[in-house]
Structure formats: structure tokens, C-alpha cells
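Naming convention: chains lettered A, B, ... in sequence-line order (proteins, then strands); numbering from 1 in each chain.
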There are 2 protein chains.
Amino acid sequence: MNLNKRPTIKQVAKVAGVSTQTVSRVINERPDVAPETRERILVTISELGYQPSALARSLIQQRSYTLGVVTAGLKHIGPSRTLNGITSAAEEAGYSLLLKELPRYDTEDVVPIFQALLSRHVDGIIWAVPEIGENRNWVDKQSLDLKIPIVYLAMEPKQNISTVSIDNYLGGRIAMAHLLEQGYQRIGHISGPMDWWEARQRVAAWKDALNEANFEARDVYCVEGNWSPASGGLAIEKLFEQYPDMDAVFVANDQMALAVIQAACQKGMRIPEDLGVAGFDNIPESAFFYPPLTTIQQDQHVVGKVAVEETINMIESGWEGLAPPEPKSIKLAPMLVVRQSSLRSLKA
Amino acid sequence: MNLNKRPTIKQVAKVAGVSTQTVSRVINERPDVAPETRERILVTISELGYQPSALARSLIQQRSYTLGVVTAGLKHIGPSRTLNGITSAAEEAGYSLLLKELPRYDTEDVVPIFQALLSRHVDGIIWAVPEIGENRNWVDKQSLDLKIPIVYLAMEPKQNISTVSIDNYLGGRIAMAHLLEQGYQRIGHISGPMDWWEARQRVAAWKDALNEANFEARDVYCVEGNWSPASGGLAIEKLFEQYPDMDAVFVANDQMALAVIQAACQKGMRIPEDLGVAGFDNIPESAFFYPPLTTIQQDQHVVGKVAVEETINMIESGWEGLAPPEPKSIKLAPMLVVRQSSLRSLKA
DNA sequence: CTGAAAGCGCTAACAC
DNA sequence: GTGTTAGCGCTTTCAG
């Protein structure tokens, strides 16, 4: 069967001695085909190694069973985990994925991205790029009135838009509640970049938790990092200066927390006795820091999974290009993982 | 321009008062169109917000400008980095990406994957799944005579097949050379899972380096891990038992090396004085381990980039479905990154 | 320079 | 049950 090209439905029809329509009925599992005919066609199909063209089908059915996924920062573990959740959920639902990665998080010119996706007739889009600075400005713009559903990840819930995010504020509150419970009272914060929505949510949680416990959350108690370990190292040095009697620090991600632990060790401080540390993310390494890191676990692959389900829901509910049927803003609750870096009470 | 559907070339033609071919000529930037006609059509196109359908084009041209990417283990950082390289290189070359992720590394039934990709008319395939156990058996099988080029990543070079990989053996040799140079003589090894080709390459390097330096590489000096930090912890304990006078350890990845450092610290051993440690990968955290980890940097995104370039090369060189024009096996050299965990000579 | 006809691979709608 | 006709949105002949 070494044809030079993939066989078409026409060839199958010819070999089986039927019309293309009948072949079409067989491959689409329609009932109205005589058993013998069906059998004969099935045999021909497998002999020829025939495979229907999803492309031709998409054209005629105006439905591609393909989702567009736009991501950014794939070299970091967070976005990859989300993508992981997207791929497995899409596979399960029988959808293919067209993947685009933005060169930068703050890519402003999103039109070509949408065009590329739309020209390939995707049925829906998952915008898996974190909300940073002005990179959501275009969402409101009328210019972009898509005829297909779109679900946004990791962004501030908005009217008439579907979003799926980890509840970062809740995560921050959980971490802070734990530190306070351990008896820490002078808790500093190392934040992510303040143009990230997720970072701001965590800062807000830190502030609110302190205020509600009647502790001060002064500006100098919070230093901004950029998620990288290196920035965490710089931030903690600054914090040691600005907040000398700090007894714990809530760090906005585990990578920065790692640098905090390292810096504290080098200073001869003991963790958790002299300094309590809590992170955010629960990367696989956190359990093996020295000491192991208390952190907030966020299941990013679940975000991806839910996003796929929502998108497909919207698609299959026969969306009409108006406001989404019921634009949902889904927030997923993260979880506290307690490890040694914050467990002062055991030692006291 | 709020049409209920995307406009077609026909509508543009009608509005502009020309035939569809003329519109086609304009969007394909053919020269033979009168300037005024072209101008008028261009205006109509932008007024209507017209966007040619890549699907219809793919059908007729038998060319989709789409690459199929098959990956696995996206929740780990390695595969994601490779994918990152793939997305940016594909974008640059003007190709789209159809992404599939295998549910498991050792997925045996790859036929449906290929079918899904082929039915969507991808022009080429990048198989970005590491070679593990028998998961490459099907490569030789005649049953799979694809009519499109395919490039395999992270696998043992083979006749008549194009592969792109990091030179893991070389990486191992570089790490070992460094440790030996530092005066370590009783060097143990914690390997990755032995069914991984990459793990075996690193083991071979460890063995050869010791042998060539006239040191013993006994079996008990090498313990198998599974890449996870936890497995590294178990492995190092075993190694402490089986090889009590070990003075250094070459660990097959950084995550396991992290657990090694932690275990050594807990035992009160000093690194690098009592135990030299070298890892593999150079994850962002390695520089912030305590002590910072000497490791082998592999630029996985470059693997992805090169793979895309090779695939497109094969596509555009008008491949005929026979053996690849010149199946290349590309190996990329990794690099040594020296940090404190192996720097005994400075302290001596 | 421009248009008409044919067809990529498939399916919807209707006939018989 | 099965075949015929038409057409998804586009490009490739080939006329003129």
C-alpha cells in the first residue's frame, strides 16, 4: 500500500465499488448502510490505510474540534504545568490544540495571534498568559469581537468574560494565618513584580492579614522581587536592613524563598527559630530545601483542565458571539503545605 | 462589520466588484493586478475584516505550514524548555504548532497520535519524547512509513533517522573531568532511571572517566534514582552505606543533587570538603542551593530550535517519502558551570 | 491584467 | 440502502 500520497475517500469508494457518500457514511458510523457493504468498505479502508482528512471535515462542518492555546513563559514551570493540564483535558475531550507562545508576557499586539488562530478555524481560545501591567487592555476593546468563546487564565475577574484562576488572595491569607498561628508577629513580605495581578493579590493578603491581627504592615516591610531566586536574595538583604526585628517572611514564590533560606543560613540565622519562612507554589524542590519549605500549593494543571472544560462547554452550548451564556469567574483554592521552615511552635 | 460569520473571499470579491481570483492574487501578493484594483480590494478587505482561511489553503496546496509536536512530561521543566525552543523557532519560521502530549513516557500505541496529526495535514513531526525502554520500538517497523519528515529528540542516533539531542555522554565526561581535576578520587554516581537513554549515557561517562583515570567504578558505587529529589535522598543514603569512603558524587540531575546536599548537611558533612557534588541540568535553583551546585548546563530550548530548523529543512527540500535526504544526528554540547559544591581545591 | 472553470477532500440534502 | 448534486473557502489552470 505504498501510495505516494494518502488515499482519499474517492479512491476508497472506487476500490470498494461504491459512492463516496457511502464511504462517508461508514466512517461516520451512520446506521443506514448494508452490513455487507459496510464490511467491504471497512476492509478497503484498512487495506488502503485510509484516514479521513480532518481539514476537509473542518471546512465543511465549520467546526474543527481544535482549541487555540496562547501561553507565555513556557520555560518557567508554572505555565508548563497549566499547559500540561490543558493537553490532557483536551485529549480526553477529543480536541486538538494549536499552540502559540508569546515572545514576551507584555506583548501588546495580540491581533496577529488571534488572526493566526482564527484563520485555522479554532473553535475556542484559551488565553493562558498571566495578567501583567497593561497586557489586558485589549480585552475591553470593541475591535476584538470574536465569534468564538475565549477563556482567560490568571486574571482579575471581569464582567462578561470567563476566567479561571488560582485564588491568590486566599493562598496568601492561608500562609499568613499559619505564620501568625505559629506566633510570628513581625512578618515581612517579598512580593512578585507589582505589575503582576497575582503578585498584588498576595501582597493584599499579607497586608490584610497583618491589619486584621492588629500588626503593622508598613511599606518598608515589603520588598519587590521578580520571582527569580536572585531577586529573592537581593530582596531579603534589603528587608534585613529595613526591618531588622522581622521574625518571619512570607515570600511570594518558592524560588525566591530558596534564596531567602540561603541568605539567612549565611548570616547564621536559624530557620524557623530566628526567622520563619513561607513560600508559594510548592515546587518539587521545596520539600528538600534545608530546612524544608512551608508553602502554598497551587494546582496549576487543574487550572488548565478547568479552562478546557469551560471552553468546550461554551462551544458546545452553541454560543452566538454575544456575551458568553453565563460568563463564569472560577477561582480555585490553593492549599497549605506545612514544613519545617515555619514550625516554630514545635521548637518552643 | 458585525457579520455573523467571518467573511469569505467571495464576499470580498462581490463588494469590490471583482472575481475571487483577483482577490486571491491580492492576498497572495501576486504582481499582476492593476494598482487601482489592488487598492480597492485592499480597502474592502480591511473594511470587512477579511482573513483568508488557512484551512482551505492547506487543502488545496497540500501544505499546511503546521508542525506536529509530540511531547511528554510537560509538568517537568526539561520538556517545557524544549517546547519553548520549538514554539519560538516555529513562530519565526511562520509555522503553526499542533501539540499532543503523551499521557505516559512509555506510551506504546503511537498510531492514533500519528493519525490525529496526519489527518490534520501537518507538514512534519517533532517527536520530543525522551527515549525510554522500548518506547522507540516502532521506529523501525515498516508499518510506519510516513510520507512526511520526522525528527526525534533525546534519542540514540540511528541509521536513516534524524535526531537532535544533548550530548549526555560528553556532559558526564565534563563533570567527571572537573571532579577529578579537583582531586576527588572516589567518586560515586546517582543515576537516572536506567531505562532512559540519557541516564545510561551519563552512567557510561562516569564509568569511562573513572576507568581512564585508573580508579575503580564498581557497581555498588552507582545507585539508581528516578530524577526526583526524593529518590536522590534514598540513593545517597544507600551510597553512604555501600561506599563509605566516597569523597564525591556525580548526580545525574540537579533535583536529586539537592537532596544529596540536604542529606549530607544533616549528617554534618561539609560540602565540598568532605563530599564534592556535581549535578546535571542547571535548573534556576541550583545557584541558590547551600552550597551552590556545580552542574552541567544543557540548553534544551536550543534542542527545540534546532529540531524545528531540521524539520523545516527536510520539508522544504521537497522530501519524497524515502529515506531522509541526509538524516542527520545532531548532538549539542553541554557546558560546565562551576560553583561551590565541587570547589575543594580553593579550600585546600 | 482579469475572469471562468475545475477541484483540494469531504459531507449535507436530496433523490431514487 | 445508495447515488447524485452541490458546495465548504480557497487556488490552480487556462482563456481572453
Original post:
Heavy atoms under 4.0 Å, any strand shown: does B:E36 hit a base, just sugar-phosphate, or nothing?
Top reply: nothing

Original post:
Does a nitrogen or oxygen in the side chain of B:Q61 sit under 4.0 Å from OP1 or OP2 of D:dT12?
Top reply: yes

Original post:
Expressed in angstrom and rounded to an integer, what is the separation of B:R63 atom CZ from D:dT12 atom P?
Top reply: 13 Å

**OP:** Starting from the 5' end of DNA chain D, give me the residue, A:S19 or B:L55, whose nearest nucleotide shows up first.
**Re:** A:S19

**OP:** Could you check how far CD1 of A:I9 sits from P of D:dC8, rounded to whole Å?
**Re:** 18 Å

**OP:** With heavy atoms under 4.0 Å as the rule, sort B:I41 into base, sugar-phosphate or nothing.
**Re:** nothing

Original post:
Quick one: A:H121 NE2 to C:dC10 C1', roughly how many Å, whole number?
Top reply: 14 Å

Original post:
Can you tell me how far C1' of D:dT2 sits from CZ of A:R40, to the nearest Å?
Top reply: 11 Å

Original post:
For C:dG9, does either OP1 or OP2 sit under 4.0 Å from a side-chain N or O belonging to B:Q62?
Top reply: yes

Subject >> Presence of A:R57 side-chain N/O under 4.0 Å of C:dC10 phosphate oxygens OP1/OP2 >> reply: no

Subject >> Ring geometry between A:W138 and A:F114 (parallel below 30°, tilted from 30 to 60°, perpendicular above 60°) >> reply: perpendicular

Original post:
Between A:S24 and C:dC10, is there a side-chain N or O to OP1/OP2 distance below 4.0 Å?
Top reply: no

Original post:
Nearest-Å distance, CG (A:L48) to C1' (C:dG9)?
Top reply: 15 Å

Subject >> Atom pair distance, as rounded to whole Å: CD1 in B:I60 and C1' in D:dC10 >> reply: 6 Å

Original post:
Do A:I148 and A:L117 have side-chain heavy atoms sitting under 4.5 Å apart?
Top reply: no

Subject >> Listed nucleotide nearest any side-chain atom of B:A56, set D:dG9, C:dG3, D:dT11 >> reply: D:dG9

**OP:** Grab the CD-P distance between B:E39 and C:dC1 for me, whole Å please.
**Re:** 16 Å

Original post:
Rounded to the Å, how far apart are B:D32 CG and D:dG16 P?
Top reply: 18 Å

Original post:
Considering heavy-atom distances to DNA chain D, does B:R30 or B:L59 have its closest nucleotide positioned more toward the 5' end?
Top reply: B:L59

**OP:** May I ask you to verify whether the side chain of A:Q21 and the base of C:dA15 hold a donor-acceptor pair under 3.5 Å?
**Re:** no

Original post:
On a plain distance test, is the side chain of A:R25 in donor-acceptor contact with the base of D:dG3 below 3.5 Å?
Top reply: yes

Original post:
Does any donor atom in the side chain of A:S96 or B:R120 lie under 3.5 Å from an acceptor atom in the other side chain?
Top reply: yes

**OP:** Using only side-chain N and O atoms of B:K10, determine if any of them is under 4.0 Å from OP1 or OP2 of D:dG7.
**Re:** no

**OP:** Establish, with yes or no, whether the OP1 or OP2 oxygen of D:dG9 is under 4.0 angstrom from a side-chain nitrogen or oxygen of B:S53.
**Re:** no

Subject >> Evaluation steps, side-chain contact (heavy atoms from CB on, under 4.5 Å), between A:R40 and A:T22 >> reply: CA-CA 11 Å; A:R40 186 154 36 94; A:T22 309; over 6 Å; no

Original post:
Taking it one step at a time, do A:I9 and A:I27 satisfy side-chain contact (heavy atoms from CB on, under 4.5 Å)?
Top reply: CA-CA 10 Å; A:I9 196 172; A:I27 58 188; 4.2 Å; yes

Subject >> Backbone N/O of B:T20 and side chain of B:S24: donor-acceptor pair under 3.5 Å >> reply: no

**OP:** Identify whether any heavy atom of B:T37 sits under 4.0 Å from a base atom; if not, whether one sits that close to sugar-phosphate; answer base, sugar-phosphate or nothing.
**Re:** sugar-phosphate

